[in-house]
Chemist: 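Before we start, here is the structure in question, set down as structure tokens.
Counting starts at 1 for both ligands and their atoms, in listed order. This structure is a prediction, so every number in the text was calculated from the model and none was measured. Residues take their numbers from the sequence shown, with the count starting at 1.
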Amino acid sequence: MVSDLHLCASRPEINRIFFEFLRGPAARAEALYILGDLFEYWAGDDDDDPFNASVLNALGALAAGGVKLYLMHGNRDFLIGERFSHACHATLLPDPTLGDFYGTPTLLMHGDTLCSDDLGYQKFRIKVRDPRYQQHFLALPLAERKRIIAGLRTENVEEKQLKSESIMDVTAATVESVLREHHYPRLIHGHTHRPALHRHVIDGHVCERWVLADWYANGSYLRCEPAGCHVVNLASA
Ligand code: MN
């Protein structure tokens, strides 16, 4: 289980760790779940950038070796489509997805929908997740799409500096209602870049909430086994 790798060609050290991860621990797993923001940004499946192609090939090789590959959209790469996922033999998972891991019901999310106090972002999310908006956007020439995304990313950095720390974390009440709605599962998500294991007691049920780490300084993954989950850190960059 990984998320928030934010892969891009300009961070070769993290990319090297990622490719080693795919050839090593991931290749020995039953399945690899990527819970969003695999890429720093995604302009469309028709982007023939050689770095993107190298990631696609490495994921495809993992899947060809018999590892089930699951992809969830993040707020950066939600435009990943069927063409990309077919090409690397991945299954696109809806957010949220309720799974069963060795008998433990487990809810998988990217995590951005849990940050419901960030009204500005939630409004933006509704707009860009609209299929009509996406159709229109993907019909633009690739270079123009990349220009628009670059502009949004600059705006986003400026906005983040103005937002309070608490607004960019999950909203406790939203976490509670999501857990209640799904009958008190274990929850695994990323997005906030605040790795931790939280325990929530809701209506008398104890629910674990694992927040996955980003891959900015180094790589890590959450290994889920019959006995439970634990974090494994990869060699630092
Ligand atoms: Mn995110």
Chemist: Phe124 vs Tyr121 aromatic rings, parallel, tilted or perpendicular, using cut-offs 30° and 60°?
Modeler: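 It falls in the tilted class, 30° to 60°.
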Chemist: Could you name each residue pair satisfying ring pair (Phe, Tyr, Trp, His ring centres under 6.0 Å) that touches residues 36-80, not counting sequence neighbours?
Modeler: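 The answer is Tyr33-Tyr70, Phe39-Trp42, Phe39-Phe84, Trp42-Phe84.
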Chemist: Which atom name does Asp37 have for its N/O/S atom nearest to the Mn ion (ligand 1)?
Modeler: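 Going by distance to the Mn ion (ligand 1), the closest N, O or S atom in Asp37 is OD2.
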Chemist: Exactly one of Leu38, Leu35, Asp37, Thr192 should register a side chain to side chain contact (heavy atoms under 4.5 Å, CB included) with Asp4. Which one does?
Modeler: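 That would be Asp37.
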Chemist: Looking at His191, pick out the N, O or S atom nearest to the Mn ion (ligand 1) and give its name.
Modeler: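 The closest N, O or S atom of His191 to the Mn ion (ligand 1) is ND1.
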Chemist: Near the Mn ion (ligand 1), is there an N/O/S atom from Thr192 that is less than 2.8 Å away?
Modeler: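 Within the cut-off used here (under 2.8 Å), Thr192 places no N, O or S atom near the Mn ion (ligand 1).
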Chemist: Enumerate the ring pair (Phe, Tyr, Trp, His ring centres under 6.0 Å) contacts for residues 153-184, please, sequence neighbours excluded, ordered by first and then second residue.
Modeler: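 Every pair satisfying ring pair (Phe, Tyr, Trp, His ring centres under 6.0 Å) with a residue in residues 153-184: Tyr184-His205.
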Chemist: Checking only N/O/S atoms, does His110 have one that is under 2.8 Å from the Mn ion (ligand 1)?
Modeler: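 Here the distance criterion (N, O or S atom, under 2.8 Å) is met by His110, so yes.
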